[in-house]
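Following: one structure in structure tokens, then a few remarks.
This structure is a prediction, so every number in the text was calculated from the model and none was measured. Remember, it's 1-based here, ligands and their atoms both numbered in the order they're listed.
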Amino acid sequence: MNIKYRQTIIAGNWKMNTLASGAKSYANALCPLIPGFYAWCNVVICAPFTSIHAVVHAFKGNKVSAGAQNMSEHKSGAYTGEVSGEQLRDIGAEYVIIGHSERRQLYGETDESVNSKILAALEVPLHPILCVGESLEERESGVTTNIVSAQIKNALASVPDSEISRVVVAYEPIWAIGTGKTASPEDAQDTCREIRAVLANLYDAELAQRISILYGGSMNEKNAAELLAQPDIDGGLVGGASLNPTAFAEIINAAKGGL
Ligand code: 13P
């Protein structure tokens with residue numbers, strides 16, 4: 001983390017878990033465990049569409065933000081089953097995960113559709129959390145930097161200088177997601193530093209210094225402090241461990257080390 005330049009963000013990705021009716025008890029369990037957290041980080045819960053409204057209400061007055069896990073690239077119209085950025089904003093969402101590897105792998109999302117969604121999110125405005133990351137095969141063949149750089153460049157096409165600091169990048173190596181295998185703090189740092197270098201090339205070094213880059217992939221209450229201590233890792237995108245308010249609180253409190 002580098003709290004002088006960048007916002008620390010701890011975001012939970014609940015994926016297709018939880019019911020709207022459970023949001024209040026989750027908030028009641030989490031809030032007492034993270035007193036004063038807003039002094040050191042933004043906490044975001046990216047809930048299923050059906051729970052976002054309940055999350056916003058459950059955390060009212062507690063400075064925890066809500067987010068979605070996907071959105072349409074279109075503003076409105078005949079797109080059965082899709083949800084627009086404006087609809088998300090209307091129910092109180094402030095963030096939206098874009099291009100998660102599960103969406104790329106299971107639902108055919110491409111760099112091109114990810115780019116359209118990033119532009120649509122910025123227009124609403126929502127903060128897009130752009131996910132990038134390599135497969136195990138790609139890591140083992142030494143092409144991580146090429147893969148991640150291409151994902152970043154393609155996803156950010158046409159994003160102007162004036163908007164880029166509203167984008168959050170999440171580096172999520174696919175092989176570390178839901179597997180219990182975490183990238184070592186050194187490997188995660190190396191890739192996050194390379195991502196920042198790509199951003200500096202696309203924009204400039206000063207703007208790149210202001211973009212929060214999160215790590216995601218089996219982050220938990222045991223490994224969070226070491227990952228968050230890395231200079232280019234500005235927070236976490238937490239899947240499984242965010243479903244447990246006690247574990248998620250420990251991760252949020254681990255980010256305090258940056259203060
Ligand atoms: P896990 O923390 O469960 O590995 O999931 C990470 C992730 O995909 C967050 O978006």
If I apply the N/O under 3.5 Å rule, does [X] come out as touching ligand 1?
X      : value
Lys15  : yes
Gly239 : yes
Asn13  : yes
Gly217 : no

### Message
Tell me whether Arg6 contacts the main-chain N or O of Ser212 through its side chain, where contact means a donor paired with an acceptor under 3.5 Å.
### Response
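Pair absent, no side-chain N/O of Arg6 close to backbone of Ser212.
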### Task
Check whether any side-chain heavy atom of Gln69 lies under 4.5 Å from a side-chain heavy atom of Glu102, and answer yes or no.
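In short, these two side chains do not touch, never coming nearer than 4.5 Å.
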Close-contact set for ligand 1 against [X] heavy atoms, below 4.0 Å:
X      : value
Ser218 : 1 (P), 2 (O), 4 (O)
Gly240 : 1 (P), 2 (O), 3 (O)
Glu172 : 6 (C), 7 (C), 8 (O), 9 (C), 10 (O)

How close do [X] and [Y] get, heavy atom to heavy atom, and via which atoms?
X      : Y      : result
Ala120 : Ser72  : CB-O, 4.2 Å
Leu202 : Lys153 : CD2-CG, 3.9 Å
Met1   : Ala255 : CE-O, 3.4 Å

### Message
Checking side chain to side chain contact (heavy atoms under 4.5 Å, CB included) between Val83 and each of Val96, Leu88, Ile91, Ile52, which is the one that passes?
### Response
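Checked Val96, Leu88, Ile91, Ile52 against Val83; only one passes side chain to side chain contact (heavy atoms under 4.5 Å, CB included): Leu88.
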### Query
Is atom CD of Glu112 surrounded by more than 12 heavy atoms (other residues, nucleotides or ligands) closer than 6.0 Å?
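Counting neighbours around CD of Glu112, 12 or fewer heavy atoms of other residues, nucleotides or ligands fall under 6.0 Å, so no.
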### Query
atom 4 (O) of ligand 1: which of Gly178, Ala170, Ser242, Ala241 has the nearest heavy atom?
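Selected option, by shortest heavy-atom distance: Gly178.
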### Message
Just to be sure I read this right, does ligand 1 sit under 4.0 Å from the backbone of Ala176, its side chain, both, or neither, counting only heavy atoms?
### Response
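Near ligand 1, Ala176 shows its backbone, while the atoms from C-beta on stay back.
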### Task
Would you kindly specify which portion of Leu237 sits under 4.0 Å from ligand 1, judged on non-hydrogen atoms: side chain, backbone, both or neither?
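For Leu237, the contact with ligand 1 is made by both the backbone and the side chain.
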### Query
Taking the inter-plane angle between the rings of Trp14 and Tyr26 on a 0 to 90° scale, is it parallel (under 30°), tilted (30 to 60°) or perpendicular (over 60°)?
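Plane angle over 60°, so perpendicular.
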### Query
Heavy atom of Gly216 under 4.0 Å from ligand 1?
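No, Gly216 has no heavy atoms under 4.0 Å from ligand 1.
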